[in-house]
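Down below is the structure, laid out as structure tokens.
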There are 2 protein chains.
Amino acid sequence: MLREDVTDAIRAAVFEELAAVGFARMSIEGIARRAGVGKTAVYRRWKSKLSLVLDLVSAFAAQGLPAPATGSLYGDVRALLEVASHALRHPVASQVIPDLLVEAARHPEISDAIKAALLDSQQGVAALVVRDAVARGELPESTDPDRALDVIVGPLYWRLVVVRAGLPEGYLDELARSAVAALRA
Amino acid sequence: MLREDVTDAIRAAVFEELAAVGFARMSIEGIARRAGVGKTAVYRRWKSKLSLVLDLVSAFAAQGLPAPATGSLYGDVRALLEVASHALRHPVASQVIPDLLVEAARHPEISDAIKAALLDSQQGVAALVVRDAVARGELPESTDPDRALDVIVGPLYWRLVVVRAGLPEGYLDELARSAVAALRA
DNA sequence: GGACGACGAGACGGTTGCGTCGCGACGTAA
DNA sequence: TTACGTCGCGACGCAACCGTCTCGTCGTCC
């Protein structure tokens with residue numbers, strides 16, 4: 001029987017190592033070292049660096065994304081931005097996510113896993129939000145949910161991950177208002 | 001006298017290698033191999049992998065970014081999106097840019113170089129566009145140029161680099177309309 | 001209390017890249 | 001013609017990591 005605490009320690013170490021050096025530089029030796037574990041313990045569970053990371057991403061996907069239902073488009077958008085900004089302001093996550101996105105272009109398995117773990121659920125939530133807004137008459141029926149997602153999270157991702165600028169007081173409110181106006185256009 | 005054609009071959013190889021394997025995995029040996037050049041020729045010009053890349057980014061910065069002046073906010077925004085989408089659809093650039101952005105978090109020198117090469121000029125252009133629009137009465141004086149940049153290029157970057165989805169016919173027009181509406185909100 | 005299996009540690013040969021050095025070939029400028 | 005500097009090539013010792021293996025230890029079931 002594999003010891004659960006060892007498994008958890010390895011998973012945590014992978015996460016930290018991924019943030020510290022990135023997928024490309026990450027080594028099994030480094031993970032074992034950080035976890036305070038023998039290399040054997042790692043190889044007994046996963047067969048490669050790639051499977052380790054895929055496992056981690058899948059675990060993340062299992063969490064799911066809460067679908068907001070605040071009763072107004074603005075409220076839903078604001079709630080989405082709140083959740084996304086929490087995730088992207090986490091220093092480890094904000095390093096790991098873009099790193100894996102870059103690697104995804106080179107490893108189809110990573111690409112698929114991320115798509116399943118993040119994009120699909122995000123697109124699902126966006127589709128729900130748009131559907132509700134259309135039902136309330138807040139948006140035209142022709143609204144494309146994918147474009148909605150672009151307009152809602154794009155500016156936030158750009159600011160937090162690309163520019164790496166802070167979020168001034170009330171900025172999420174502004175972004176939410178902007179997004180609603182953009183969707184109505 | 002260092003031979004110019006050799007220098008150019010190395011620079012080109014760095015660019016290709018950066019796109020193929022990323023900064024983390026990039027090696028001087030690989031660059032020399034790809035350029036058809038001895039390692040000596042590389043070390044004679046640059047002292048490390050980092051200086052090679054910094055040199056490349058600086059060269060990119062020297063190009064500058066053309067400031068649109070179409071006479072309308074929509075026109076300016078549309079022009080900005082056009083330029084940005086051309087850059088981000090280039091398969092090599094769309095691999096190299098996010099890769100360097102991720103590495104920037106670990107190497108302050110890269111961060112500074114990218115800031116000087118891309119963000120500063122983008123922010124400058126955005127400031128000009130906003131200023132003109134304010135002068136025409138298209139935007140309120142209180143408009144924050146940085147937020148304008150977030151709202152204009154964020155959705156495009158998200159779609160092209162993060163989601164890696166295509167650009168349907170007329171999508172840039174939609175994005176431009178959305179951005180204008182968002183800025184007016 | 002004995003058998004079993006996972007554990008950490010670390011040795012193993014192999015691969016890759018590091019940065020330096022020496023080689024003979026080539027081109028250019030005195 | 002001679003002298004010099006760069007060229008491609010490849011060897012050098014060093015370091016890190018690969019994936020496999022063999023230890024002796026420890027905890028848990030039967």
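These values consider heavy atoms only, across backbone and side chains, with no hydrogens, waters or symmetry-generated copies. Chain letters run A, B, ... following the sequence lines, proteins first and then strands; every chain starts at 1.
Atom CE in A:Met1 sits roughly 12 Å away from atom P in D:dC30 (whole-Å rounding). For the pair A:Arg25 CZ and C:dG17 P, the interatomic distance rounds to 14 Å; values are reported in whole Å. Distance A:Trp46 CH2 to D:dC18 P: 15 Å, rounded to the nearest Å. Taking atom CD on B:Glu4 and atom P on D:dG5, their separation rounds to 20 Å, with Å as the unit. Between the CG atom of B:Leu50 and the P atom of C:dC18 there is a distance of 13 Å, rounded to whole Å. Counting to the nearest Å, the C1' atom of C:dC26 and the CG atom of B:Asp5 are 13 Å from each other.
A donor and an acceptor atom, one from each side chain of B:Ser178 and A:Arg147, are located under 3.5 Å apart. With no hydrogens or angles considered, a side-chain donor-acceptor pair links B:Arg159 and B:Tyr171 at under 3.5 Å. The closest side-chain donor-acceptor pair between B:Ser94 and B:Arg89, if any, does not fall under 3.5 angstrom.
Taking the side chain of A:Arg44 as heavy atoms from C-beta on, and the options D:dC17, C:dG17, C:dA6, the nearest nucleotide is C:dA6. Comparing C:dG17, D:dT20, C:dA6 against the side chain of B:Glu29 picks out C:dG17 as the nearest. Picking from D:dC17, D:dG8, D:dT22 the nucleotide with the shortest atom distance to the side chain of A:Arg33 gives D:dC17. Checking D:dC7, D:dC17, C:dA6 against every side-chain atom of B:Leu2, the shortest atom distance belongs to D:dC7. For A:Tyr43, whose side chain is taken as the heavy atoms from C-beta onward, the closest listed nucleotide among D:dG19, D:dG10, C:dC18 is D:dG19.
Within the 4.0 Å cut-off from OP1 or OP2 of D:dG27, not a single side-chain nitrogen or oxygen of A:Arg3 is found. Checking the phosphate oxygens (OP1, OP2) of C:dA6, no side-chain nitrogen or oxygen of A:Arg45 falls inside 4.0 Å.
At least one donor-acceptor pair under 3.5 Å links the side chain of A:His86 to the backbone N or O of A:Glu82.
Each of A:Val37 and B:Ser48 was assigned the nucleotide of DNA chain C with the nearest heavy atom; the assignment lying further toward the 5' end belongs to A:Val37. Nucleotides of DNA chain D nearest to A:Met26 and B:Gly38 differ in position, and the one nearer the 5' end is that of B:Gly38.
One can find a donor-acceptor pair under 3.5 Å joining the base of D:dC9 and the side-chain atoms of B:Thr40. Contact annotation: side chain of B:Lys39 to base of C:dG19, donor-acceptor pair present below 3.5 Å.
Residue A:Glu141 places its CD atom among 12 or fewer non-hydrogen atoms of other residues, nucleotides or ligands, all under 6.0 Å distant.
A:Gly36 comes within contact range of the sugar-phosphate backbone alone, with a heavy-atom separation under 4.0 Å but no base atom that close.
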